[in-house]
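See structure below.
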Number of protein chains: 2
Amino acid sequence: MSGQTNVFFGEYIRELRTLRKLPLRKVASELDIDPSTLGKIERSTRRPPKEIIDKLASIFNVDLARLKSIYLSDKISFEVLSEGLDKEVLEEAEQKINILKSRNAYEKNS
Amino acid sequence: MSGQTNVFFGEYIRELRTLRKLPLRKVASELDIDPSTLGKIERSTRRPPKEIIDKLASIFNVDLARLKSIYLSDKISFEVLSEGLDKEVLEEAEQKINILKSRNAYEKNS
DNA sequence: TATATTTGGACAATTATTGTCCTAAAAAAT
DNA sequence: ATTTTTTAGGACAATAATTGTCCAAATATA
């Protein structure tokens, strides 16, 4: 049993909000979206558009790359499971990241 | 230098096709799509709809889960790099897969 | 050089995502 | 206990993304 709380994007941003004792209404208005949409994002029933992620990082003063990473890893894990696949895919993806990075590096010098 | 050829979905299915000496035209007609669309899928400039992946597996007699995995790992690696993130995301995703799997298992028995 | 294949863009049709509104349920405040 | 606020969740139109189709140019093959 090691901490499994608030690992997902929605849970996490809900925590950021509730720790500050802010209602959906207030944060939503800062984000310039509907409170119900923000609620859905917190419950992972809607996806956060990129711009919302940026704004959340700035409103709550958390690292943007970290927040993006939390969101993208959510998305990846959902995708893998919903395709009926498993973790091996991630290793394959890792290799491909290496390949793409080296290809890009090569292109820069050619 | 270890084999970096035909690792990506498009490259791979092109290899399957060319090894059999089939033109785009023929495979496309079996798939019931336009040859130019298939060409784009092979060059990774278009995404293969799910149904096409299924049909490709059956046409070329390759394992469907394998083919899905090749495609999804492509997609994941592109996503990670295009967000300016890196491999750490994948480890985070792996943890989340574990969590989701255990949550699902729990739900079944409750 | 003729024929077949592949590439790549333009465009409409379809499908998915997003934002907005509304009502009901749940929680908090008085 | 009742009022007020917050949260949950669905319906729907507006917008954006994806897909399928067609065409013409470039490349490769016969």
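Here is the naming used below: chain letters follow the sequence lines, and residue numbers restart at 1 for every chain.
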*Candidate pair A:Glu11 and A:Arg43, rule salt bridge (Lys or Arg N to Asp or Glu O under 4.0 Å), full reasoning*: CA-CA 7 Å; A:Glu11 298 171 339; A:Arg43 276 171 278 126; over 6 Å; no
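- Under the side chain to side chain contact (heavy atoms under 4.5 Å, CB included) criterion, A:Glu15 pairs with A:Asn6, A:Tyr12, A:Leu19, sequence neighbours left out.
- Against DNA chain C, the stretch residues 9-22 of chain A makes no heavy-atom approach under 4.0 Å.
- Sorted by first then second residue, the ring-ring contact (aromatic ring centres under 6.0 Å, His included) pairs that include residues 14-73 of chain B, not counting sequence neighbours, are B:Phe9-B:Tyr71.
- As rounded to whole Å, 12 Å separates atom C1' of D:dT5 from atom NZ of A:Lys26.
- The side-chain hydrogen bond (donor to acceptor under 3.5 Å, both in side chains) test applied to A:Glu88 returns no partner, not counting sequence neighbours.
- For residues 66-75 of chain A, the pairs satisfying salt bridge (charged side-chain N to carboxylate O under 4.0 Å, His left out) are A:Arg66-B:Glu92, A:Asp74-B:Lys96, A:Lys75-B:Glu79, with sequence neighbours left out.
- The main-chain N or O of B:Leu31 is found under 3.5 Å from a side-chain atom of B:Lys55 such that the two form a donor-acceptor pair.
- For residues 18-31 of chain A, no pair satisfies salt bridge (charged side-chain N to carboxylate O under 4.0 Å, His left out), with sequence neighbours left out.
- Legend: residues meeting side-chain hydrogen bond (donor to acceptor under 3.5 Å, both in side chains) with B:Arg46, ordered by chain and number and at least two apart, are absent.
- Applying the side-chain hydrogen bond (donor to acceptor under 3.5 Å, both in side chains) test to B:Asp54 and every residue at least two apart in sequence or in another chain returns nothing.
- Of the residues in residues 33-50 of chain B, those placing a heavy atom less than 4.0 Å from an atom of DNA chain C are B:Ser36, B:Lys40, B:Arg43, B:Arg46, in numerical order.
- The shortest distance between side-chain heavy atoms of B:Val62 and B:Leu56 does not fall below 4.5 Å.
- Along DNA chain C, the stretch of nucleotides lying under 4.0 Å from any heavy atom of chain A spans, 5' to 3', C:dT18 to C:dC21.
- A search for side-chain hydrogen bond (donor to acceptor under 3.5 Å, both in side chains) contacts involving A:Glu91 returns nothing, not counting sequence neighbours.
- Of the candidates A:Leu22, A:Ile13, A:Leu16, A:Leu22 is the only one forming a side chain to side chain contact (heavy atoms under 4.5 Å, CB included) with A:Val27.
- In the helix from C:dT1-D:dA30 to C:dT30-D:dA1, the end axes, each obtained as the rotation axis mapping the C1' atoms of four pairs onto the next four within a five-pair block, lie 40° apart to the nearest 10 degrees.
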